[in-house]
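Below is one structure, written out as structure tokens, with a few remarks after it.
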Amino acid sequence: MEIVMTILEGTLRYVLTLKLTDYLDIALMAYGLYWLLKLVGDTKVERLGKGVIIFLFSLWLSHIFHLNGIYFILSHVVSLGVLALVVLFQPEIRRLLEQIGSSRLRSFNPFAKAQQVTAIESAIAQTVLACTEMSKSRTGVLIVFERDMLLDHIARTGTIVDAQVSSELLKNIFFVKAAMHDGAVIIREGRLLAGGCMLPLSKNVNLSRDLGMRHRAGIGMSENSDAVVVIVSEETGAISVAIGGLLKRHLMPETLEKLLMKELIPQQEEEAESKFRLHLPSFHKERKERDEDGTK
């Protein structure tokens with residue numbers, strides 16, 4: 001009990017010596033660590049975290065029990081740990097830097113956001129319609145919805161289109177004898193940016209063997225960006241969506257539409273927009289009543 005009280009008193013004295021800038025420093029470091037793990041986080045990072053905890057615990061035990069040989073080896077391993085992490089996580093670190101460098105700044109214009117949401121809603125509706133019809137005809141489809149991470153380097157591998165999204169346009173692009181049918185379509189902010197684009201293949205060795213190159217390309221694109229990728233199988237006609245390296249298969253058109261709306265239009269923006277639309281008529285009504293009162 002005395003040990004606990006001593007620890008609590010020492011902790012309290014330390015907290016009282018902290019300045020406001022120290023709290024800000026700790027908060028920023030904690031947020032940075034959370035953000036880093038969120039971007040890079042996967043099963044590999046989870047396993048690494050467990051390994052690091054076990055390693056540090058072993059280092060502490062060897063110091064407590066004066067196991068000098070083990071402590072000497074482990075303490076020198078620490079100096080090589082950073083280099084080992086860089087080598088081990090080179091693909092993840094590169095992907096992280098690419099995401100940071102290619103992330104767009106969000107617009108603070110509410111009217112521009114409303115127009116963008118409307119365009120995305122229209123693009124989703126046309127995509128669902130096209131995928132439903134192409135699923136029945138078993139036409140291979142690969143549609144990439146860009147989010148925060150810009151995909152200009154992917155768009156440059158294909159043909160720049162920059163057109164309004166329509167089901168007829170999508171069906172023409174993915175028609176078997178069309179020039180761009182083997183590539184992917186990039187949709188940015190509700191507009192069809194490019195077609196016939198080449199996507200990076202997934203390096204996940206645990207993927208099911210029945211997945212073809214189109215699915216592996218869609219999963220690879222979702223692994224290397226925050227994009228939402230819609231896939232229609234040429235063999236079965238099944239509709240799938242790849243997000244964050246995970247594949248959701250055999251989706252019905254209604255499920256596809258709900259999933260795209262959820263992923264591409266944040267709930268906060270939907271609620272703010274609905275509130276804006278609800279308040280706008282009441283605002284005009286109140287203004288009209290004030291004007292009428294003023295004329296009386």
Side-chain angles (χ1 to χ4, degrees), residues 119-147 149-202 207-208 210-261 263-265:
I120 294 174
E121 288 176 344
S122 175
I124 291 173
Q126 294 298 314
T127 299
V128 172
L129 179 60
C131 288
T132 302
E133 296 183 12
M134 288 187 284
S135 174
K136 295 177 181 178
S137 62
R138 294 191 178 183
T139 302
V141 175
L142 197 53
I143 301 174
V144 180
F145 283 90
E146 181 187 81
R147 291 202 277 189
M149 186 175 178
L150 297 176
L151 303 176
D152 291 331
H153 62 294
I154 300 295
R156 283 193 291 268
T157 64
T159 302
I160 301 299
V161 180
D162 191 20
Q164 184 177 354
V165 179
S166 68
S167 61
E168 294 300 324
L169 177 58
L170 290 173
K171 287 188 290 185
N172 285 332
I173 289 176
F174 290 109
F175 179 65
V176 178
K177 295 183 180 180
M180 296 186 290
H181 82 280
D182 275 335
V185 158
I186 309 295
I187 295 180
R188 170 183 293 175
E189 297 180 354
R191 290 186 64 83
L192 200 155
L193 175 63
C197 302
M198 305 303 294
L199 305 184
L201 296 178
S202 174
L207 293 178
S208 175
D210 63 342
L211 295 178
M213 297 296 288
R214 184 174 283 107
H215 287 82
R216 294 179 182 273
I219 296 172
M221 186 74 259
S222 70
E223 289 174 346
N224 289 277
S225 70
D226 63 347
V228 177
V229 187
V230 179
I231 309 158
V232 177
S233 172
E234 189 174 358
E235 288 75 21
T236 64
I239 302 174
S240 306
V241 173
I243 305 172
L246 299 177
L247 185 67
K248 300 182 180 181
R249 307 179 67 183
H250 305 292
L251 302 178
M252 297 297 291
E254 299 80 8
T255 308
L256 172 63
E257 184 175 11
K258 290 179 181 178
L259 180 59
L260 292 178
M261 293 290 287
E263 293 294 334
L264 300 175
I265 303 178

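Numbers for residues simply follow the sequence, beginning at 1.
- To the nearest 0.5 Å, the span separating CZ on Arg216 from CG on Leu207 amounts to 5.0 Å.
- Each salt bridge (Lys or Arg N to Asp or Glu O under 4.0 Å) pair with one or both residues in residues 246-261, not counting sequence neighbours, appears once here: Asp210-Arg249.
- Across His181 and Phe175, no two heavy atoms sit closer than the pair CB-O, 3.0 Å.
- When atom types are taken as modelled, the side chain of Arg188 and the backbone of Ala194 share no donor-acceptor pair closer than 3.5 angstrom.
- Side-chain atoms of Ser222 come within 3.5 Å of backbone atoms of Gly245 as a donor-acceptor pair (strictly under, hydrogens ignored).
- Closest approach of Leu150 and His153 over heavy atoms only: O-CE1, 4.0 Å.
- Taking CD1 from Ile120 and CG from Leu260, the interatomic distance works out to 11.0 Å, rounded to the nearest 0.5 Å.
- Minimum interatomic distance between Ile187 and Ala123 (heavy atoms only, all atoms of both residues): CG2-CB, 4.5 Å.
- Of all heavy-atom pairs spanning Cys197 and Ile186, the tightest one is SG-CG1, 3.7 Å.
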- request: Please lay out, stage by stage, how Phe145 and Thr127 fare under the test side-chain contact (heavy atoms from CB on, under 4.5 Å).
  value: CA-CA 10 Å; Phe145 283 90; Thr127 299; 3.4 Å; yes
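- In the model, Ser166 has no side-chain atom that pairs as donor or acceptor with a side-chain atom of Gln126 under 3.5 Å.
- Here the side chain of Ser122 pairs no donor or acceptor atom with the backbone of Ala119 at under 3.5 angstrom.
- Atoms CE and CD1, from Met221 and Ile154 in turn, are 4.5 Å apart once rounded to the nearest 0.5 Å.
- Contact between Asn172 and Ala178 at its shortest, heavy atoms only, is O-CB, 3.3 Å.
- The one candidate from Leu170, Val185, Ile124 that meets the side chain to side chain contact (heavy atoms under 4.5 Å, CB included) condition with Val165 is Leu170.
- Between the side chain of Thr255 and the main chain of Leu251, no donor-acceptor pair closer than 3.5 Å is present.
- Taking both residues in full, the closest heavy atoms of Asn224 and Pro200 are given as ND2-CG, 3.9 Å, listed atom of the first, atom of the second, then distance.
- Leu199 CG to Met213 CE: the interatomic distance, rounded to the nearest 0.5 Å, is 11.0 Å.
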task: Dump the intermediate steps for side-chain contact (heavy atoms from CB on, under 4.5 Å) on Gln164 and Leu192, then the final yes or no.
output: CA-CA 6 Å; Gln164 184 177 354; Leu192 200 155; over 6 Å; no
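- Checked by atom type and distance alone, the side chain of Glu146 pairs as donor or acceptor with a backbone atom of Leu151 at under 3.5 Å.
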With a cut-off of 3.5 Å and sequence neighbours excluded, list every side-chain donor-acceptor pair involving residues 229-241.
unit_1 : atom_1 : unit_2 : atom_2 : d
Ser233 : OG     : Glu235 : N      : 3.2
Ser233 : OG     : Glu235 : OE1    : 3.4
Ser233 : OG     : Thr236 : N      : 3.2
Ser233 : OG     : Thr236 : OG1    : 3.2
Thr236 : OG1    : Ala238 : N      : 3.3

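- Atoms CD1 and CD1, on Ile143 and Ile173 in that order, are 8.5 Å from each other to the nearest 0.5 Å.
- How far CE of Met198 is from CG of Asp182: 8.0 Å, rounded to the nearest 0.5 Å.
- For residues 159-181, the set of pairs meeting the salt bridge (Lys or Arg N to Asp or Glu O under 4.0 Å) definition, not counting sequence neighbours, comprises Glu133-Lys171, Asp162-Arg191, Glu168-Lys171.
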